[in-house]
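Structure record follows, encoded as structure tokens.
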Amino acid sequence: MAQNGFEPHIVAFLCNWCTYAAADAAGISRMQQPLNVDVIRVMCSGRIDPSFVLMAFLEGADGVIVSGCHPPGDCHYGEGNYKTFRRMPLLERLLQDYGIEKERFHWGWISAAEAPKWAQLTKEFTSRIKELGPLEWKGYLKEMESEEA
């Protein structure tokens, strides 16, 4: 537990065929990883609408991970990771416009054979979010509403 008692809530959207399989293998292999990560399995990272990430933050996530098959062309659906590759940089900029630090969002690629890489990512990302502290996004949204009024 963090010194100030803060334990982050992290949501991870993981491709069924690659990163979810790596996360599953890490668990089966009993690799050390934080318990703060709630995994949402999706069939393809290309199916992750940016609104899913925004909703995760709105519903209380302190950090969000999006991960899928290695690009280019290793997607089980052909072009899904190309869509992810195009969308995520735009989403990073949008999150910053909404007052969410770029360090609270991670996207990338982890294959099914990279269980240690998944375990390491969860450790490092959880540690980074602990350092940042809780996301005070709802307060930011209230400030924006009051400025518009």
Side-chain angles (χ1 to χ4, degrees), residues 1-140:
M1 190 178 281
Q3 289 179 348
N4 62 2
F6 168 65
E7 280 296 324
H9 177 222
I10 297 168
V11 175
F13 295 96
L14 308 181
C15 160
N16 178 65
W17 303 105
C18 283
T19 310
Y20 181 83
D24 190 41
I28 290 170
S29 300
R30 299 181 185 265
M31 293 179 186
Q32 291 292 325
Q33 45 189 321
L35 302 175
N36 312 56
V37 182
D38 289 336
V39 171
I40 298 174
R41 179 170 52 171
V42 295
M43 292 310 290
C44 178
S45 64
R47 300 286 300 175
I48 299 168
D49 189 287
S51 67
F52 298 174
V53 174
L54 290 169
M55 186 58 72
F57 281 119
L58 186 61
E59 293 295 323
D62 297 299
V64 176
I65 298 170
V66 171
S67 188
C69 302
H70 282 278
D74 284 344
C75 176
H76 284 71
Y77 297 103
E79 298 179 6
N81 50 21
Y82 286 116
K83 291 178 183 177
T84 305
F85 193 75
R86 287 191 308 264
R87 288 179 182 159
M88 294 305 123
L90 298 172
L91 179 57
E92 285 177 322
R93 282 186 243 139
L94 179 66
L95 292 173
Q96 289 178 29
D97 287 347
Y98 280 124
I100 297 173
E101 301 99 325
K102 65 180 178 178
E103 296 84 10
R104 292 186 183 276
F105 178 61
H106 172 86
W107 66 278
W109 323 108
I110 297 178
S111 78
E114 296 177 311
K117 185 176 178 180
W118 167 255
Q120 187 64 32
L121 170 64
T122 60
K123 289 178 199 172
E124 291 172 0
F125 191 71
T126 300
S127 177
R128 181 181 338 149
I129 301 301
K130 282 182 181 180
E131 289 175 18
L132 290 171
L135 176 62
E136 300 295 336
W137 194 39
K138 290 184 181 181
Y140 175 82

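These values consider heavy atoms only, across backbone and side chains, with no hydrogens, waters or symmetry-generated copies.
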Quick one: do Asn81 and His70 satisfy side chain to side chain donor-acceptor pair (under 3.5 Å)? Show the steps, please.
CA-CA 7 Å; Asn81 50 21; His70 282 278; over 6 Å; no

Whether the side chain of Ser127 engages the backbone of Lys123 through a donor-acceptor N/O pair (distance < 3.5 Å, no angle test) should be reported.
no

CA sep, side-chain torsions, deciding dist, call: Asp62, Arg104, side chain to side chain contact (heavy atoms under 4.5 Å, CB included)
CA-CA 7 Å; Asp62 297 299; Arg104 292 186 183 276; 4.0 Å; yes

Stepwise side chain to side chain donor-acceptor pair (under 3.5 Å) check, Trp109 with Glu114:
CA-CA 10 Å; Trp109 323 108; Glu114 296 177 311; over 6 Å; no

Please answer whether the main-chain N or O of Cys15 pairs with a side-chain N or O of Thr19 as donor and acceptor at a distance below 3.5 Å.
no

Measure the CZ-CD1 distance between Phe57 and Ile100 for me, rounded to the nearest 0.5 Å.
5.0 Å

CD on Gln96 to NZ on Lys102, rounded to 0.5 Å
6.5 Å

Between the CG atom in Leu58 and the OG atom in Ser51, the distance rounded to the nearest 0.5 Å is 11.0 Å

Any chance you could measure Thr126, atom OG1, to Glu7, atom CD, to the nearest 0.5 Å?
8.5 Å

Tell me, with the steps shown, if Arg128 and Phe125 meet side chain to side chain contact (heavy atoms under 4.5 Å, CB included).
CA-CA 5 Å; Arg128 181 181 338 149; Phe125 191 71; 3.7 Å; yes

Least distance between heavy atoms, Gly46 atom then Thr84 atom:
N-OG1, 3.1 Å

Side chain to side chain contact (heavy atoms under 4.5 Å, CB included) evaluation trace for Met43 with Asn16
CA-CA 5 Å; Met43 292 310 290; Asn16 178 65; 3.8 Å; yes

For residues Phe6 and Ile129, report the shortest heavy-atom separation together with the two atoms involved.
CE2-O, 3.6 Å

Taken to the nearest 0.5 Å, the spacing of Ile110 CD1 from Leu121 CG works out to 5.0 Å

CD1 on Ile48 to CE on Met88, rounded to 0.5 Å
6.0 Å

Over all heavy atoms of both residues, which pair between Ala115 and Ala22 is shortest? Give the atoms and the distance, please.
CB-O, 3.4 Å

Quick one: are Asp38 and Ile40 in side-chain contact, heavy atoms under 4.5 Å?
no

Can you tell me if Arg47 has over 12 outside heavy atoms packed within less than 6.0 Å of its CZ?
no

Do you know the tightest heavy-atom contact between Gln33 and Trp118?
OE1-NE1, 3.1 Å

Is it true that atom CG of Leu35 has more than 12 heavy atoms of other residues, nucleotides or ligands lying nearer than 6.0 Å?
no

Would you please test Phe105 and Val66 for side chain to side chain contact (heavy atoms under 4.5 Å, CB included) and show each step?
CA-CA 8 Å; Phe105 178 61; Val66 171; 3.8 Å; yes

Should we say atom CD of Glu103 is surrounded by more than 12 heavy atoms from elsewhere, each under 6.0 Å from it?
yes

Are there over 12 heavy-atom neighbours, none belonging to Lys83, within less than 6.0 Å of that residue's NZ?
no

Do you know the tightest heavy-atom contact between Cys44 and Gly80?
SG-CA, 3.5 Å

Main-chain N/O of Leu14 paired to Ser67 side chain as donor or acceptor, under 3.5 Å
no

Measure from the side-chain N and O atoms of Asp74 to the backbone N and O of Cys69, and report whether any donor-acceptor pair falls under 3.5 Å.
no

